[in-house]
Chemist: 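Dumping the structure here so I can ask a few things about it.
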There are 2 protein chains.
Amino acid sequence: MNQNHQFKLTSRPVGAVKRSDFSYTQEPVRDPADGEVVIKNLYISLDPAMRGWMNESKNSYIPPVAIGEVMRALAVGRVVASKNPQFTVGDHVGGMLGMQEYAYSNGQGLNKVDPRMAPLPVFLGTLGMPGLTAYFGLLDVGKPKEGETVVVSGAAGAVGAVVGQIAKIKGCRVIGIAGGAEKCRYLVEELGFDAAIDYKKEDVKAALHQHCPQGIDVYFDNVGGEILDAVLTRLARNARIVICGAISQYNNTTAVQGPANYLSLIVARASMQGIMVADYYPRAMEALSAMGGWLASGKLKSREDIVDGLETFPDTFLKLFSGENNGKLVLKVAEA
Amino acid sequence: MNQNHQFKLTSRPVGAVKRSDFSYTQEPVRDPADGEVVIKNLYISLDPAMRGWMNESKNSYIPPVAIGEVMRALAVGRVVASKNPQFTVGDHVGGMLGMQEYAYSNGQGLNKVDPRMAPLPVFLGTLGMPGLTAYFGLLDVGKPKEGETVVVSGAAGAVGAVVGQIAKIKGCRVIGIAGGAEKCRYLVEELGFDAAIDYKKEDVKAALHQHCPQGIDVYFDNVGGEILDAVLTRLARNARIVICGAISQYNNTTAVQGPANYLSLIVARASMQGIMVADYYPRAMEALSAMGGWLASGKLKSREDIVDGLETFPDTFLKLFSGENNGKLVLKVAEA
């Protein structure tokens, strides 16, 4: 009988996640109940939002992961047993399948994915939640117009890289903010960004001044903190700031650093708006067909950073916060 | 020959304004040059924005007042000499006339006001810049819908009182935040607000929880700081925050306190947008005719706090920051 290894949350992390915040357990894989499918996870997504799910928060968009519960995570896998007429053994599916080797599902929230269309990990990145976040956050909230200047932080990450490339496709001038020379080279030379700013080495405010002489029309923020504050000093008139996340703040043990320069919103007649990707799931096909086309034509590139082994979570998860990952961070937990 | 007493900025204030940041001087009133009018100031407006004009800021919407220059201020007065065919001696006019007894103007930015329509100080408040700010900020940016919950801070001030009353006219539930029992009584009993929160005595977060059980749909912010952060914890889905000002922060000698809870914008899918009243001056007639009608019918009440004597500036100015003023703060500098 197959064993299902699982990471369960055993304590709420304070600051950065530690291995001791989880238990690594195993239990036998059971047969599906009526209406259920059993999925063998192949790739599990590591997303910054998971850090928030570990907190006991009263004011969140999703309930926290309960203590003792398998850690919540998006994944793609293969159906290995089915008592649900909508799914057949061998189907590839994606959904909130958890930090474990096998998952059970009644089919709700489970989507079939086609591995002939793209490699499976891409369905956790560019053709998954991060890609939809980038697409709708940029186009629906940021509303970039041709010729405008778009700045994106976390630009080499799963969301940021897509944001910047779509902005280029839409005819914008694009500046990415990322950590390290190699990521900056990647953004400019491989993804076609107009410029990249290495926040680990450069003075971000001065670099924005240099690269955005007409100011910033759209800022897509994945990081918060000092970079958000630097951008606020360079807004163009009627700028739109898309607040997608604040990875610089997720491991804080003190209060979140609010943007001290927010009064620039008055001077620039600018707006700052939050985006929640789940609101756009009903329109997912619109984004996926556009992005699928761009991927096929080579206009959009997708990069995944695939780490072997379920058991490396949560150490691998920390790469998101140090910025060590190159592209969408994914755990490979079984051979396809 | 008449003397013109003037307050000139002599040093950039650090923290709260001090009398020693200004010189109080006099010079003879001269005749108008060709195309000019000479105006005798009757009422001078004291506005929170003036504090910002005193700073050496590179990133502002208007150049700072230069050292040695007469302090910039809105005022209404009477034309006492004219070599401009558009203005006649005896006309009442409003504009950026400065902290002085007499002003010269070539007519640009000078508006005739009709003292039969409303008492002159009202043209510095409800029918002036603060009223336009309230009208367009609330209706164009806040976009309140009937039945929604609107919260306004600085609610007993020149802008806030108009915001709340217009929101009531539009069928909203309105909660004002103000300092002191008397202001709160005024908001509820005289202006018809549904509730008022005394931030000097109450726990604002708890009071918002009590008075806004369905969350806050529109927040019009005049104060920033901790009150903005408290509101961010109670946003309804798709809430709109209008950033008009941050009087709690204008005298800071340290950095502005950014809203630590700004990530609630994601959870609530909310937006935060700055408003600059000057953008709406071309549409001023729309607001003034609506508000003139509401004033005439008694739906909109206007209150001015009139202090006698030009020489009391800048002490009187400090009332804005302590919250001692009751209604639009105006200096009376001459008999009409």
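Here is the naming used below: chain letters follow the sequence lines, and residue numbers restart at 1 for every chain.
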Chemist: For a side-chain contact (heavy atoms from CB on, under 4.5 Å) check, start with the C-alpha distance between D279(A) and R269(B), then their side-chain angles and the critical distance, and finish with the verdict.
Modeler: CA-CA 9 Å; D279(A) 297 346; R269(B) 291 77 158 163; 2.7 Å; yes
Chemist: If I take atom CE from residue M272(A) and atom CG from residue L265(B), how far apart are they, to the nearest 0.5 angstrom?
Modeler: 7.0 Å
Chemist: Would you say that more than 12 heavy atoms from the other residues, nucleotides or ligands in this model lie under 6.0 Å from the CD of E286(A), or not?
Modeler: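 Above 12, so yes.
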Chemist: Minimum heavy-atom separation for Y262(B) to P259(A), with atom names?
Modeler: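 Looking at all heavy atoms of both residues, the closest pair is CD2-CD, 3.6 Å.
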Chemist: Other residues, nucleotides and ligands only: do more than 12 of their heavy atoms fall within 6.0 Å of CD on E69(B)?
Modeler: yes
Chemist: Does a sphere of radius 6.0 Å around CD in E226(A) hold more than 12 heavy atoms from other residues, nucleotides or ligands, not counting ones at 6.0 Å or beyond?
Modeler: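 No, the 6.0 Å shell around CD holds no more than 12 heavy atoms from other groups.
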Chemist: Would you mind checking which part of N238(B) comes under 4.5 Å of any heavy atom in chain A, side chain (CB onward), backbone (N, CA, C, O), both or neither?
Modeler: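 For N238(B), no heavy atom lies under 4.5 Å from chain A.
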Chemist: Grab the two heavy atoms, one from M276(B) and one from V267(A), that are nearest each other, plus how far apart they are.
Modeler: CE-CA, 3.9 Å
Chemist: At a heavy-atom separation under 4.5 Å, does N252(A) approach chain B through its side chain, its backbone, both, or neither?
Modeler: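 Neither part.
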Chemist: Please classify the contact between I243(B) and chain A as side chain, backbone, both or neither, with a heavy-atom cut-off of under 4.5 Å.
Modeler: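 Contact with chain A involves both backbone and side-chain atoms of I243(B).
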Chemist: More than 12 non-hydrogen atoms from neighbouring residues, nucleotides or ligands closer than 6.0 Å to NZ on K319(B), yes or no?
Modeler: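 Above 12, so yes.
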